[in-house]
Amino acid sequence: MLPELHRLRHEKDMKTLFARGRSVFGSLVGMKMCPNGLPVSRFAVVVGVKTAKSAVDRNRIKRRVRSIVQTHISRVKGGFDVCLLPRKEALTAKHKDVEASLMASFKKGKLL
RNA sequence: AAGGACUGUCGGAUGGCUACGUGUUUGAAAGAACAUGAGGAAAGUCCGAACACCUGUUGUGCCGCAAGGUAUGACAACAAAGAGAGUCGCUAACGGCGACCAGGUAUAAGAAUUGGGGCUCGCGGAAUUGGAGAAAUCUGUUCCAUGAUUCCUGAAUCAAAGCCUAGGGAAAGUACCACAGAGACAAUACUAGCUCCGACGUCCGUCGGAGUGAAAGGUGAAAAGUGAAGUGGUGUUGAGCAAUCAGCUACGCUUCUCGCUCCAUGGUGACAUGGAUUGUGGCAAACCCUCCACGCCCGCCAAAGCCUCUCGCGGCGGCGGGUUCUGGUGAAAGAACAAAUUUGGUCGUUCGCUUGAGCCUGGUGGCAACAUCAGGCCUAGAUAGAUUGCCAUCUCCUCUGAGCAAUCAGGGAAGACAAAAUUCGGCUUACAGACAGAUCCUUGGAC
RNA sequence: CGGGCCAUAGCGCAGCUUGGUAGCGCGCUUCGUUCGGGACGAAGAGGUCGUGGGUUCAAAUCCCACUGGCCCGA
């Protein structure tokens with residue numbers, strides 16, 4: 001789990017993010033981002049029922065993505081709210097591939 | 001020992017680096033250290049309860065002169081509403097559990113019955129230009145019929161532990177029972193058949209009416225008395241010249257079987273057994289009736305706290321509602337005032353929140369469900385939602401190759417179902433693999 | 001956490017209340033009509049009534065449990 005400072009928690013923030021955010025698509029993980037005016041970046045991971053039916057699978061995807069963010073969090077620029085949207089394939093893909101896809105998305109969004 | 005049934009338990013282990021939730025300790029703080037952190041179904045949300053608010057009546061304690069306030073209990077008419085009701089128990093309660101009763105149902109090995117076939121043996125008959133012998137006769141072969149043993153096989157019957165049952169009442173009443181059938185639930189009289197009367201008519205016969213006719217008829221899931229055996233006996237059919245014989249059969253009687261009612265005995269009871277009497281469909285998971293139970297609403301997003309006292313422990317909050325002015329038909333919109341008090345809600349936050357109908361071990365009572373006693377233990381509390389990510393080793397599983405085998409080498413690799421959301425008790429559904437049973441039943445063997 | 005609805009022919013829907021025959025429209029097949037196609041006319045095929053149990057003589061219909069899909073409220 002991420003430190004509390006980097007979590008994006010409130011529904012209001014999520015609404016503004018989805019209303020105004022910029023989308024970035026990746027092979028395994030996509031994301032939505034917009035500036036938040038804070039010194040740090042905040043992250044949320046959303047896995048819908050359509051992505052994975054079982055609650056166990058959904059939780060597993062979320063944990064894997066969050067752990068990757070956590071290892072690279074020192075390199076990420078501050079000042080953005082980011083919502084990560086993994087695809088179905090992220091459940092069965094290998095850890096390295098998910099990591100590569102996520103880093104590519106970060107580069108696309110100029111977060112690195 | 002084999003086969004079957006049932007039940008219960010488990011649901012990888014150890015370690016390394018790293019991350020998060022909670023708690024404790026330490027520290028001025030940042031932080032650090034230690035401990036701890038998903039399930040048997042956490043699921044589906046099908047029942048029940050705890051807890052909480054509300055309505056009415058009311059008891060007790062405290063405060064108050066009183067009105068009343070506050071804390072804590074008890075009860076709840078009528079009505080709506082109930083998947084309550086075989087019996088006895090267990091449980092906080094339950095569409096739950098245990099034991100028993102009744103009914104239904106499935107088959108394994110097996111049992112006895114019967115049909116077909118095969119091997120072997122035996123008896124009898126027939127045939128034979130087979131063989132032996134002078135002959136009687138003996139023997140062989142084939143065919144027919146038949147018996148015994150054993151094997152194979154078919155049929156239906158019996159048949160275990162089990163499994164299933166929303167198991168009261170159909171003689172209180174209503175509704176329904178399609179099609180078919182004369183008639184579908186209380187008796188009807190359609191067609192045969194028979195008798196009489198009338199009309200037509202020579203008779204036969206035809207038509208109409210009245211009566212008789214259930215001991216003839218078929219339909220259907222079901223037709224006033226359930227099936228079987230014996231006997232008497234009626235009618236009818238067939239055979240026969242006839243006497244008579246045979247088949248079917250209403251009805252009566254006797255015996256057995258099934259059911260209602262009553263009585264007796266046994267059992268706490270559902271019921272069982274025996275005796276007597278009698279013989280009036282189904283459906284209540286259609287309405288309904290009886291007894292029983294039940295206050296209503298709501299469902300932890302409940303309820304309560306966030307100025308002060310207090311509580312609680314840190315967010316000392318943000319937004320809305322107010323007043324005045326501008327504006328305008330009005331509504332919106334804009335600006336200003338914000339001192340105190342009050343109100344309602346939303347977001348946030350605290351609490352509710354995890355010590356509980358709790359878990360483990362042992363004893364006692366009980367067939368059991370369960371109850372009770374003693375000792376020990378503390379074991380998740382998140383809220384965009386923690387309980388992890390990556391890796392190594394060991395067993396376990398699996399694939400390939402070598403080998404008679406033990407085993408060796410290499411590859412895959414924890415593999416199922418599935419993640420707390422107020423808390424418990426059940427039910428239902430899903431589930432890779434592993435283990436267990438002084439359980440139950442059947443068959444076989446040994447003593 | 002609580003409440004409700006749906007599943008019937010290839011597609012869209014009736015039938016369920018009050019249990020006995022599964023039906024309508026479009027589509028499909030064949031034939032006719034036309035020089036040909038469309039339209040039109042005639043005939044026809046096509047159904048485990050989502051799955052599994054129970055009640056009943058009999059279940060798409062009544063009852064229960066599942067599966068899948070959809071909606072609403074706090």
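Order of the sequence lines fixes the chain letters, A, B, ..., with proteins taken first and strands second; residue numbering starts at 1 for each chain.
Nucleotide C:G52 forms a Watson-Crick or G-U wobble pair with C:C64, both donor-acceptor distances falling under 3.5 Å. The partner of B:U87 is B:A99, judged by Watson-Crick or G-U wobble contacts that both fall below 3.5 Å. Nucleotide B:C200 has B:G205 as its partner under the Watson-Crick or G-U criteria, with both atom distances under 3.5 Å. Remark: B:A13 base-pairs with B:U393. Criterion, Watson-Crick or G-U wobble with two distances under 3.5 Å. For B:A446, there is no paired nucleotide, since no Watson-Crick or G-U wobble pair has both relevant distances below 3.5 Å. Across all strands shown, B:A418 forms no Watson-Crick or G-U wobble pair with both key distances under 3.5 Å. C:A39 makes up no base pair with any nucleotide shown, lacking Watson-Crick or G-U wobble contacts both under 3.5 Å. In this structure B:U265 sits in a base pair with B:A272, meeting the Watson-Crick or G-U test at under 3.5 Å.
In B:U379 the base sits syn relative to the sugar, since the glycosidic angle is no further than 90° from 0. Annotated as anti: B:G16, whose glycosidic dihedral deviates from 0 by more than 90°. Under the 90° criterion around 0 for the glycosidic angle, B:G403 counts as anti. Because its glycosidic torsion is more than 90° from 0, B:A52 is reported here as anti. Taking 90° from 0 as the syn/anti boundary, the base of B:U354 is oriented syn.
With both ends at atom P, the span from B:U395 to B:U407 equals 13 Å, rounded to whole Å. Comparing B:U354 with B:U379, their C1' atoms are spaced 11 Å from each other, to the whole Å. When the P atom is compared between B:U361 and B:A384, the two are found 40 Å apart, to the nearest whole Å. With both ends at atom C1', the span from B:A93 to B:G48 equals 6 Å, rounded to whole Å. The same atom, C1', is picked in B:U107 and in B:A272; the two are 30 Å apart, to the nearest Å. B:A182 and B:C163 have their C1' atoms separated by 47 Å, given to the nearest Å. A gap of 11 Å separates the P atoms of B:G167 and C:U55, to the nearest Å. Spacing of C1' atoms, B:U290 relative to B:G230, comes out at 48 Å, to the nearest Å.
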